Amino acid sequence: MPQHVFEPLARTACTSRRSLLLGAANLAVLGFAPLPISRAVAAAVEDYGDYTWGACVINCGNRCPLRVYSKNGRVIRIETDNTIKDGCKPRQIRACLKGRSMRERLYSPDRLKYPMKRVGERGEAKFERITWEEAYETIATRWKAILEKYGPDAVYWQYCSGQQSLVNSRRAWQRLMNIMGGYLKYYGSYSSAQISAAFPYTYGKKVASGVEQIANAKLYVAFGNNPSVTRGSGGSKGYQFRCALEKGHPKTIVIDPIYTDTVAGKVDQWIPIRPGTDAALVEGIAYELIRNGWVDEAFLAKYCIGYDEKTLPKGAPEKSDYKSYILGEADGTPKTPEYASRITGIPVETIVALAREIGTTKPCFIAQGLGPQRQANGEQTARAIAMLAILTGQVGLPGTSTGMEEDGTNWEPVYLPVGENKVKATIPVFLWTDAITRGPEMDATHDGIRGVEKLSNHIRMIVNSGGNTLINQHSDTFKTDKILRDTTKCEFIVVCDNMMTPSARYADILLPDTLGPETFDICGNGDSMGDLACIYPMHKAVEPQWEQKPSWEICLGIARALGVEEAYTEGRDQMGWIRWCYEETRKANPELPSFEAFWNKGPRQLFDVKWQPIMFEDFRKDPEKHPLSTPSGKIEIYSERLAELARTWVLPKGDVISAIPKFVRTAEMPETELAKKYPLQCFGYHGHGRTHSTFHNLPKLREVHPDRLLLNELDAKARGLADGDMVEVFNDRGAIRLPVHVTKRIMPGVCALPQGAWFKPETKDGRTVDAGACINTLTSQHPSPLAKGNPQHSNLVDIRRA
Ligand SMILES: Nc1nc2c(c(=O)[nH]1)N[C@H]1C(S)=C(S)[C@@H](COP(=O)(O)OP(=O)(O)OC[C@H]3O[C@@H](n4cnc5c(=O)[nH]c(N)nc54)[C@H](O)[C@@H]3O)O[C@H]1N2
Ligand SMILES: Nc1nc2c(c(=O)[nH]1)N[C@H]1C(S)=C(S)[C@@H](COP(=O)(O)OP(=O)(O)OC[C@H]3O[C@@H](n4cnc5c(=O)[nH]c(N)nc54)[C@H](O)[C@@H]3O)O[C@H]1N2
Ligand code: SF4
Ligand SMILES: [Mo]
């Protein structure tokens, strides 16, 4: 199919204004007298200035265009991409409330205004204003000293996701850091560490069919997937998901501890489940599939390794195949629906009925969001869920997928080039606090270190720009706080942000960045745009109010102080690099218009760029010719590579790596020692009102989406709690305070709150409580076994009245 570009219908302030007024006139023609309110709106609209294009570049996975109306140097109104005719394709990319709150962000009292240096203890948030020159000089001097004393692998670039534009972002920093010899690398992410590590063992890579395939399915079964919230843009996968359901009308079943907005009134069945137990549910279903002859034996024999003894690899122990495990021939425990029911809290009849649906309905699309894998046993869960697609042969056909979250286009624009990082040492992203405290002890078999046998340094310097993972989004805030306060360990911390965030409090040098409409940039696709591909200009609409500078320019200042300006700029300024990114993107997409046309006209949507709607279609047609990238070329239910890791890695007690996916009960689950002390499971879901911690400080959004603890009626009753009561949620790591929302929308025995609230410790009578209610005050730094990833949804707690 030829690639083509859809043009927005109306682009200028004049046209949009006229169409609004004409709307009012039409109403009058139809016999409706304009109401005073519509007159007021019309008058207000008449008073707008012109608009410029901008974008919300926060990492919710989408990217939404914004139309920024400004007047007399102030942004006065934010609109979005409501200019093209809407439909399922093409569709408007409408910003959500968060993106539309750009004006509130710009004029927030929390804005960082000037460069500052720390004057109190680290973490105390006592700062003094300095000049940009002093900031540049200090950073250059301290950085050079650390490089000289320890080497570049003592410098760490902190994970961050807050700024996803092409030039002013982490890429400017990484470019500079690579010029200076590089920095300690990380692999994985806070988003998908466990599934990213696990899926390649099964399929060779982490992939799924496109969201549109749902329209070809008769049955859609999702585990912990909440696209209505987590893919919330008007143009995103969340919207395309709804379009696919409307088109194909598959039966829809969602398995989630919470009755989410994706579920509410929109799917056929909600099955509440205890967090972390999906693998046990899968096992109960697998038992039924085998018992009833609903497994696709021919598919398993031809395309898979390790379903039964016939296809086990040669060296594998006897009865180590999946079928023997499910039937209990290996461990004496048949994984019956009764077994699964005890673990998951799901009634036996529901499991049996679900198995019948999955066993007898084709095509069946199996999916999982990222919630189920953000658990201490997340790698097992991720691979286990894939088993439902594999056992029933629902892979590589129309209306099927792999068990992962539905995919979108893999189109990417070209970003500011960052150069090469010469440092080889690589840590799992979640283990940076460990790398501060015990760096040189860390190696491959204990800590998943890659690139070197062992780390040779502690982390001595951190650069954190566009992220709040320095404290808020990392686990165990009180522990992290202690680690960061010790200036003998991590000696120097630079933070760059727009707001005085919890992470900003730990800066030695604190730098104020511009926000979108205060500078020029360019922005492209996110990973959750469904089949949309898009690219937007970001115009400067207003001058920065104080001394804020864009990241590009900040790094230029530091580059000068370091004497590497030329290497950093390569003769281009900020606008030159914006143009470069566009021109390079255009080389691969020649249907894009000239830079001038693009820059002056507004966002572009590109359709029909490469994406794979049916994953493994080729493999299904001809597995010899199109083998998977696993060692055997087949789907590996039994993975010899995992068996090898299970033998050679040194794991703490209770951590399990296994060749086939298995339910593993980890330390913070029901029926454990700890559950006697802390009987409730607790996690922080990704809510409507924030993207992680971004937008937390906007009062209007907090009013619309308040931070509340979801608690089932039964658990509330047992504790004498009523809706709205203030409670403390606590475990051995800390306590948070927030109001409780008593509801039927959550599984009994489980409580949950939106993640991302700002950590705000308050001490009274010698006791410190996080009054900000950041979920990470309750989460653990014990990593998951294989990915060494963040188990942030696996927590036991109790609740008391505050
Ligand atoms: N509005 C909004 N959108 C976002 C974000 C945001 O913060 N806000 N963040 C963005 C980012 S970076 C990411 S990585 C994604 C995150 O997207 P996800 O990781 O998918 O989001 P979560 O809310 O953590 O989890 C999804 C669902 O899984 C459920 N769940 C949790 N544990 C389990 C379990 O053990 N089993 C089952 N079956 N279900 C479980 C939760 O109740 C939730 O409804 O969202 C992106 N989009
Ligand atoms: N318990 C728990 N913890 C979690 C999660 C969970 O589900 N549960 N989710 C995890 C996931 S999936 C992720 S991706 C991480 C996300 O963690 P982070 O990547 O840290 O994301 P945010 O918290 O949104 O922080 C983004 C920061 O960027 C800043 N920012 C925004 N725009 C700009 C800009 O233009 N310039 C600069 N310099 N800064 C800007 C914002 O003000 C904000 O402070 O959190 C993880 N943490
Ligand atoms: S938060 Fe996401 S959906 Fe909302 S406006 Fe920003 S990019 Fe769009
Ligand atoms: Mo994420």
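Whatever order the structure lists ligands and atoms in, that order sets their numbers, starting from 1. Remember, it's a predicted structure, so these values are computed and weren't measured experimentally.
Inside a sphere of radius 2.8 Å centred on atom 2 (Fe) of ligand 3, the protein N/O/S atoms present are C60 SG.
For ligand 2, the polar-atom distance check against C496 finds a nitrogen or oxygen pair separated by under 3.5 Å. Looking at Q792 next to ligand 2, an N or O pair under 3.5 Å apart turns up. The shortest N/O to N/O separation between N468 and ligand 2 falls below 3.5 Å. Some N or O of N498 is nearer than 3.5 Å to an N or O of ligand 2, by distance alone. Between G466 and ligand 2, a contact under 3.5 Å exists for at least one N or O pair. For the pair S161 and ligand 2, the shortest N or O to N or O distance falls below 3.5 Å.
Q163 contributes a side-chain N or O that, together with a main-chain N or O of N168, makes up a donor-acceptor pair within less than 3.5 Å. Checked by atom type and distance alone, the side chain of R170 never pairs as donor or acceptor with a backbone atom of S465 at under 3.5 Å. A donor-acceptor contact shorter than 3.5 Å links the side chain of R374 to the backbone of Y190.
Shortest contact from atom 37 (C) of ligand 2 to any protein heavy atom: D513 OD2, 3.3 Å. The shortest contact between atom 14 (S) of ligand 2 and any protein heavy atom is with Y159 OH, 3.1 Å. For atom 1 (N) of ligand 2, the closest non-hydrogen atom on the protein side is N776 OD1, 2.7 Å. For atom 12 (S) of ligand 2, the closest non-hydrogen atom of the protein is S191 CA, 3.3 Å. Looking at atom 7 (O) of ligand 2, its nearest protein heavy atom turns out to be H686 NE2, 2.8 Å. Nearest non-hydrogen protein atom to atom 23 (O) of ligand 2 is S693 OG, 2.5 Å. At the top of the distance list for atom 18 (P) of ligand 2, counting protein heavy atoms only, stands T469 OG1, 3.5 Å. Shortest contact from atom 10 (C) of ligand 2 to any protein heavy atom: Y190 CB, 3.7 Å.
Of the two cysteines examined, C96 and C60, the SG atoms fail the criterion of being under 2.5 Å apart.
Residue contacts with ligand 2, taken as heavy atom pairs separated by less than 4.0 Å, do not involve Q164 at all. Proximity of T514 to ligand 2, defined as any heavy-atom pair under 4.0 Å, is confined to the backbone N, CA, C and O atoms. Here R374 has side-chain heavy atoms under 4.0 Å from ligand 2, and that is the only part of it that gets that close. The proximity of T694 to ligand 2, defined as any non-hydrogen pair under 4.0 Å, involves the side chain as well as the backbone. Here R690 has no heavy atoms under 4.0 Å from ligand 2, in either its backbone or its side chain. Residue Y685 does not touch ligand 2, judged by heavy-atom distances below 4.0 Å. When heavy-atom distances to ligand 2 are checked against a 4.0 Å cut-off, Q473 comes that close through both its backbone and its side chain. When non-hydrogen atoms are compared, ligand 2 lies under 4.0 Å from the backbone of D497 as well as from its side chain. Contacts with ligand 2 closer than 4.0 Å are made by backbone heavy atoms (N, CA, C, O) of T691 only, the side chain lying farther away.
For ligand 2, the atoms lying closer than 4.0 Å to a non-hydrogen atom of T501 are 44 (O). Close approach of ligand 2 to R105 (heavy-atom distance below 4.0 Å) involves ligand atoms 31 (C), 32 (N). When each atom of ligand 2 is checked for a heavy atom of S465 under 4.0 Å away, the hits are 38 (N). Of all atoms in ligand 2, listed by their number and element, those nearer than 4.0 Å to a heavy atom of C160 are 19 (O). Counting atoms of ligand 2 from 1 in the listed order, those under 4.0 Å from a heavy atom of G684 are 7 (O), 8 (N). Using a 4.0 Å cut-off to heavy atoms of G467, the atoms of ligand 2 that qualify are 20 (O), 25 (O), 26 (C), 27 (C), 28 (O).
Nearest to atom 15 (C) of ligand 2 by heavy-atom distance, out of Q163, Q548, R170, H692, is H692.
For the residue pair R63 and M529, the shortest heavy atom distance occurs at N-SD, 3.4 Å. In terms of heavy atoms, I427 sits closest to A435 at CD1-CB, 4.2 Å.
D81 and R91 are not joined by a salt bridge, as no carboxylate oxygen comes within less than 4.0 angstrom of a charged side-chain nitrogen. Between R745 and D261 a salt bridge is recorded (basic side-chain N to carboxylate O distance below 4.0 Å). Under 4.0 Å is where a charged nitrogen must lie from a carboxylate oxygen, and between E518 and R111 at least one such pair does. A salt bridge does not link R733 to D770: none of the charged side-chain nitrogens sits closer than 4.0 Å to a carboxylate oxygen.
More than 12 heavy atoms of other residues, nucleotides or ligands lie within 6.0 Å of NZ in K266, so this atom counts as buried by the packing criterion.
For the ligand labelled ligand 2, residue H474 lies outside the 4.0 Å heavy-atom shell.
Judged purely by distance below 3.5 Å, without hydrogens or angles, the side chains of S784 and Q373 never pair a donor atom with an acceptor atom.
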